[in-house]
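Below: one structure, written as structure tokens.
Since the structure is predicted, the reported quantities are computational estimates derived from the model, not experimental observations. Each chain gets a letter, A, B and so on, in the order the sequences are listed, and its residues count up from 1.
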Number of protein chains: 2
Amino acid sequence: MVTRERPTLEAVARRAGVSRATVSRVVNGSTTVAVAIRDAVKQAVEELGYVPNQAARSLVTQRTESIALILPETASRVFSDDLFFPAVIRGVSTELEAADKQLVLMMAGSAASHDRVERYAMAGHVDGVMFASMHGADPLPGTLARLGIPVVCSGRPMTPTELLVPYVDVDHLGGVAAAVRHLLATGRRRIATIAGPQDMVAGIDRLAGYRTALAEAGLPEQVAIGDFTRESGIRAMRVLLDGDPGLDAVFVASDMMAHGALQALRETGRRIPHDVAVIGFDDVEISRLSDPPLTTVRQPIVDMGRTMARQMLGVIDDRLDVPAAVVLPTELVVRASA
Amino acid sequence: MVTRERPTLEAVARRAGVSRATVSRVVNGSTTVAVAIRDAVKQAVEELGYVPNQAARSLVTQRTESIALILPETASRVFSDDLFFPAVIRGVSTELEAADKQLVLMMAGSAASHDRVERYAMAGHVDGVMFASMHGADPLPGTLARLGIPVVCSGRPMTPTELLVPYVDVDHLGGVAAAVRHLLATGRRRIATIAGPQDMVAGIDRLAGYRTALAEAGLPEQVAIGDFTRESGIRAMRVLLDGDPGLDAVFVASDMMAHGALQALRETGRRIPHDVAVIGFDDVEISRLSDPPLTTVRQPIVDMGRTMARQMLGVIDDRLDVPAAVVLPTELVVRASA
DNA sequence: ATGAAAGCGCTAACAG
DNA sequence: CTGTTAGCGCTTTCAT
């Protein structure tokens, strides 16, 4: 590897006939430098193509100007046709770009990579760590926070971590309530649900919302569990139909699963929404492209990413007005499927 | 920001009653350390929760153990429902994970971010830079390569950069030829194409393939240009139909555009493949889910990512057997649309 | 306003 | 096999 050696501060200083300290000042935009000298230095920087060595800089400043986003999922899951993660990344990315911070994206779907992430953060590679899509009571956010590393989560953490870590989440319960209300208002009475994984807050809260709403309406519940993927939606729908061939509606905790459910329903010859009404959750693109287009609970995924990133930037800059918890609204979007 | 100070080599050395050098040896797995001492050091490391400071380490080793993947696109493009980029990322990510290197993903859709990327690489933030989805004659790969930074590209570069930079690409021409042959064999004679953007090798090569194949068959060509997005596919298809309402086949340079083309064709009441046969390119998931399922030229996108990552690892390790150019095969996958 | 000097935490010769 | 020593390139007091 022929790494041509890059010019150092020292080289620039010699060329401009000043000290290293002065060059450093100019490079870092200090105002206390005489204009003539500043220009000379800038010219030397230009001529030599000088770029500060980040490792050296970080060593003394204790700052890297980069921030990690941890997705406790495999890469194949993050980059599947489920557009949830991409939307989070987009939001985060937008905010960090504006703040001139580098995003370091880390998938941590296995125990090994989970470890790697921990070491990575502890090695001071990044100034802060953001988590999205947390499963179970992941101790990592808390661990890092206790070590003094700024941590922010998307999705309410399931551990007392919440005391240490600011987070952003959406109003799952409100969204589900609106969905079930809509089903009731359109005359449905045998309303099943395909719930999300019960080791994730989004899965738990949406199921709780369904239960509450059905209890209030005095209707019996019918629950099948999926893992937010299309495949699991297909399977869960079949299970539900086995249990009650006469069900007339299903609330599905994610659009991907709802997409699977539509397929499973069509395969049995049922017409949607005539025989069975279907409502999803997310409002990712696929819900508009599905057949029929999906009525769904919109959650502002991109905004979650943006909000989380802003919280992180606030924490890093030691701003005191960083809200410990932000809950964004959800909204029912009615399309043909219900 | 309360960054509790982390223990240093020095602290571990004191606790274990040895020198810093010895601790460094143990931490880096040197075999020339007495077992007793090694254990003592390991214990001290454990007790103090020591993790090496990456900035300090990089400063002296000139290595960061991370590698950048540059996507010269906006984040919204990379993380849209086009699963091309995700597939590349997945491939890259798999290989780097195995090599215990950290992937740093950078979107560079604007001139500003293009600059940022350049500075980032030159600051020694990463050990190497991989490019995917290059537009036009981007000078950045060449620039970085000349500076001694290892560079690898996915997609044949359009500049003489190729002399400096290993790359991986797929057999565009072979794939297109197979597609057109299939159309001819099934009796189509008025074969149009929706080409990709003509500032990208994938766009150029696939159009060239179409032209060659039609010329050989002695048929007239009909070309509309898109930019690989679904929207542009819809528009291009309408243009083609305006030009020749009687066309009986269209080869589309990407599945996303083909998806759009299907929609545009259906809107005119045409039946597929009865009235018009459609063949796409990519074989991303959407081609199986579309209506009807899409006949398409499969390119091994994940493998491109993997191959590129392996080339990069080879270059970094100064291995001499790194191939300057790898061309992966493509393959026609016949489904209902043609 | 500028320079001198002291490290940041680590690795890698080189001695011993 | 282990310790001593000399930096890696930069920022930041502290003098001047």
Could you walk me through whether K42(B) and E46(B) satisfy the salt bridge (charged side-chain N to carboxylate O under 4.0 Å, His left out) test, starting with their C-alpha distance in whole Å, then the side-chain angles of each, then the deciding distance to 0.1 Å, before giving a yes or no? CA-CA 6 Å; K42(B) 284 197 165 165; E46(B) 201 65 34; over 6 Å; no

Chi angles and distances behind the side chain to side chain contact (heavy atoms under 4.5 Å, CB included) call for V104(A), I67(A): CA-CA 6 Å; V104(A) 177; I67(A) 294 173; over 6 Å; no

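A donor and an acceptor atom, one from each side chain of H135(B) and E73(B), are located under 3.5 Å apart. Judged purely by distance below 3.5 Å, without hydrogens or angles, the side chains of R15(A) and Q43(A) never pair a donor atom with an acceptor atom.
In terms of modelled atom types and a separation under 3.5 Å, the side chain of S58(B) and the main chain of R63(B) share a donor-acceptor contact. No donor-acceptor distance shorter than 3.5 angstrom exists from the side chain of S113(B) to the backbone of R116(B), with no hydrogens or angles considered. Panel note: side chain S24(B), backbone R20(B); no donor-acceptor pair is recorded below 3.5 Å. Between the side chain of D138(A) and the backbone N or O of L140(A) there is at least one donor-acceptor pair closer than 3.5 Å. The closest donor-acceptor contact from the side chain of D169(A) to the backbone of V327(A) lies at 3.5 Å or more, if one exists at all.
Axis orientation changes by 40° from one end of the helix from dA1(C)-dT16(D) to dG16(C)-dC1(D) to the other, with each end axis drawn from 5 pairs and the value rounded to 10°.
Looking at residues 30-46 of chain B, you'll see that no heavy atom sits under 4.0 Å from any atom of DNA chain C.
Across R306(B), M308(B), M304(B), a single residue satisfies side-chain contact (heavy atoms from CB on, under 4.5 Å) together with V88(B), and that is M308(B).
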Would you give a per-nucleotide map of nucleotides 7-16 of chain D, 5' to 3', where B means the base has a protein non-hydrogen atom under 4.0 Å away, S means only the sugar-phosphate does, and - means neither? -BBBBBB---

